[in-house]
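This report concerns only the one structure given below.
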Number of protein chains: 2
Amino acid sequence: MATGRTHRPATRSRGIPEATVARLPLYLRALTALSERSVPTVSSEELAAAAGVNSAKLRKDFSYLGSYGTRGVGYDVEYLVYQISRELGLTQDWPVVIVGIGNLGAALANYGGFASRGFRVAALIDADPSMAGKPVAGIAVQHTDELEKIISDNGVSIGVIATPAGAAQQVCERLVAAGVTSILNFAPTVLTVPDGVDVRKVDLSIELQILAFHEQRKAGEEAAQDAAQADATAPAPPPIRANRGSSDGGAGRSSAGADATASAGSRAASAGTRAPSGSTRAASGAAARDNKGPDGDVPAVMPA
Amino acid sequence: MATGRTHRPATRSRGIPEATVARLPLYLRALTALSERSVPTVSSEELAAAAGVNSAKLRKDFSYLGSYGTRGVGYDVEYLVYQISRELGLTQDWPVVIVGIGNLGAALANYGGFASRGFRVAALIDADPSMAGKPVAGIAVQHTDELEKIISDNGVSIGVIATPAGAAQQVCERLVAAGVTSILNFAPTVLTVPDGVDVRKVDLSIELQILAFHEQRKAGEEAAQDAAQADATAPAPPPIRANRGSSDGGAGRSSAGADATASAGSRAASAGTRAPSGSTRAASGAAARDNKGPDGDVPAVMPA
DNA sequence: CCGTGTGAAATGCTTCACAGCG
DNA sequence: CGCTGTGAAGCATTTCACACGG
């Protein structure tokens, strides 16, 4: 969807897959650690282990950047650090502004990894007048009124939104209008932006829900279906009781794909299928309806 | 990677793709908002827009859950909220512990969306003795020594790690040994866990680096290659100057796949390709080497 | 002889497009 | 007649496996 477009065929051969781009920071981190320990070279096998991926994937990823390894030996750590940094654009300075200085915003402002990779917190912005002037992480918070001026004076192109959900879209629009073209959104809302603006979101609640899904599955591993029969507690079955269970369709398929993001290594350890504590929470139309701010589900982390 | 396994063919038809699972929370949020406005039904088109995906994807996703819609009409909001909640396992209560109560941990503890979806903060744990007893978000912080007892007493199966990178793996091991089988990791490290334990990570630094990559590309859109020639500042070219640019291989490929996570809608707005502020940061072997804690890149957010 | 670099196969996800049910 | 549900096509990503270079 979105508005027309067909993304230019890339200036030319520059076509690194998104999935690969998303892993470069991982490699970079692992490499930086090795660099600190003065390790001169690494094999794809070792580096892959340190980054938490498999070696085939890593080699393929690097192949998109060029041939930076030495057959029979491995990769030169320093050299690779440089190449990846350059590819990611970390050899230049990126001023960043953080909007919404609540607990989260403060945490981000204090985040060390921030400055260590070419990102510089150019300003902290908050809508609460009483915050203005207060130093957070050594930087004085400025009022939202200054937003546009700050962006243009500092040539900021990356903005971080850590405001409540209700304020996010508006802040986003102001950032974009002022010249920001990349946004990292921590507010639990879908931001609508013009073409050409990149948005990445980080949503705690979503991550937890995904974990819950897998957790639930683990629990029901042997207890099997029982929720499937929970028909009793189901709320108003729609109009004419929907016809469940598709005959077959391209649906089903096994897989279950575990390691959704990690899950490497192996060790002993206890814990074998642990049932969730409480019992099937009151359900009756309930589910996601308890305490909830007047506006979606604000992070309750900041003033307004 | 990972130890053997072949994931059971799913109790039977239960095979929801990971990608779909990851979107269910998004739909749920949009649906909850509609539910609050007492909207009775939605079409895939409308709901998709609200969730920031396209309708075909949404319909396909829902088809994995079953046939919950009504042709010619749409979906019953309340009913769908219930079905998705159940699928995600949100109809039960999930006690959660947060380890590492620094700025970030506190932000998470205060996060409203937390409690509103079936997650209950069962305890806040920190290694700093002086934190013990202090109330954060209305809950008294407990010392790490209590970790095992807390986990088992509360039947906690989901843990959130918000400690500095250096402490993460150790905390992770203790959580797992105590019975936790799902971990949400905010520390910038790769966690190694036994089979059967799910780990999801949230890494601010990585998200920013991905944005920087795209941002850099936007800038070089017309200024074209110029970094490609930056050979002058490159550090020790490995052994025998690696042979750049692969002949062709399955590499290249165009696409450039933008909307890495969002980028919907459309509007006017200014900002058209904005060059990053500073000039090519000192680079000379530099890149990712400035201020950095003695231990990787700790979130500098918490004591120890 | 080891480990990179990479075609090719396998798998997974998204998009298309349309049959068919209310 | 509109909108869902879904085969089938189109892409993207991962994995395999092995030729090739140092």
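Residue numbers begin at 1 in each chain, while the letters A, B, ... track the order of the sequences.
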For this session: Report yes if a side-chain nitrogen or oxygen of A/Thr70 is closer than 4.0 Å to either non-bridging phosphate oxygen (OP1 or OP2) of D/dG22; otherwise report no.
Result: no

Exercise. Which of the following nucleotides, C/dC13, C/dT15, D/dT14, is nearest to the side chain of B/Ala19?
Worked result: C/dC13

Exercise. Under 4.0 Å between a side-chain N or O of B/Arg23 and OP1 or OP2 of C/dT14?
Worked result: yes

For this session: Would you mind telling me which of D/dC18, D/dG5, C/dT15 lies closest to the side-chain atoms of B/Ser63?
Result: D/dG5

Exercise. Can you name the side chain to side chain donor-acceptor pair (under 3.5 Å) partners of A/Ser44, sequence neighbours left out?
Worked result: A/Arg59

Exercise. So which nucleotide from C/dG3, D/dG5, C/dT14 ends up closest to the side chain of A/Ser43?
Worked result: C/dG3

Exercise. Does C/dG5 have OP1 or OP2 sitting under 4.0 Å from an N or O in the side chain of A/Tyr75?
Worked result: yes

Exercise. Are the side chain of B/Ser43 and the backbone N or O of B/Glu46 linked by a donor-acceptor pair below 3.5 Å?
Worked result: yes

For this session: Taking only the side-chain nitrogens and oxygens of A/Asn54, find out if one of them lies under 4.0 Å from OP1 or OP2 of D/dT14.
Result: no

Seminar exercise, completed: The nucleotide from C/dG3, C/dT6, D/dT4 with an atom nearest the side chain of A/Arg71 is C/dG3

Exercise. Can you list the steps and then say if A/Glu78 with A/Tyr82 is a side-chain hydrogen bond (donor to acceptor under 3.5 Å, both in side chains)?
Worked result: CA-CA 6 Å; A/Glu78 293 299 326; A/Tyr82 172 76; over 6 Å; no

Exercise. How long is the line joining OH of A/Tyr68 and C1' of C/dG3, in whole Å?
Worked result: 19 Å

Exercise. Atom OH of A/Tyr64 to atom C1' of D/dT13: distance rounded to whole Å?
Worked result: 8 Å

Problem set entry | For B/Thr189, side-chain contact (heavy atoms from CB on, under 4.5 Å) partners two or more places apart | B/Ala165, B/Ala168, B/Ala187

Exercise. Nearest to the side chain of B/Lys60, which nucleotide is it out of C/dG5, C/dT15, C/dA8?
Worked result: C/dT15

Problem set entry | Euclidean distance, atom CG of residue B/Leu58 to atom C1' of D/dC3 [Å, nearest integer] | 12 Å

Problem set entry | DNA chain D: 5'-proximal contact among A/Ala56 and A/Val73 (nearest heavy atom) | A/Ala56

Seminar exercise, completed: Whole-Å distance, B/Lys57 NZ to D/dC11 C1', equals 12 Å

Exercise. Within this structure, what is the CD-to-P distance between B/Gln83 and D/dT4, rounded to whole angstrom?
Worked result: 17 Å

Exercise. What's the CD1-C1' distance between A/Ile16 and D/dT13, to the nearest Å?
Worked result: 15 Å

Problem set entry | Atom pair distance, as rounded to whole Å: OH in B/Tyr27 and P in D/dT4 | 13 Å

Exercise. Does D/dC3 have OP1 or OP2 sitting under 4.0 Å from an N or O in the side chain of B/Ser44?
Worked result: no

Exercise. Where do B/Leu47 and B/Tyr27 come nearest, in terms of heavy atoms and distance?
Worked result: CD1-O, 4.4 Å

Exercise. For A/Asp61 and D/dA12, what is the distance between atoms CG and C1' respectively, to the nearest whole Å?
Worked result: 13 Å

For this session: Look at all strands and tell whether A/Gly74 reaches a base, only sugar-phosphate, or nothing, counting heavy atoms closer than 4.0 Å.
Result: sugar-phosphate

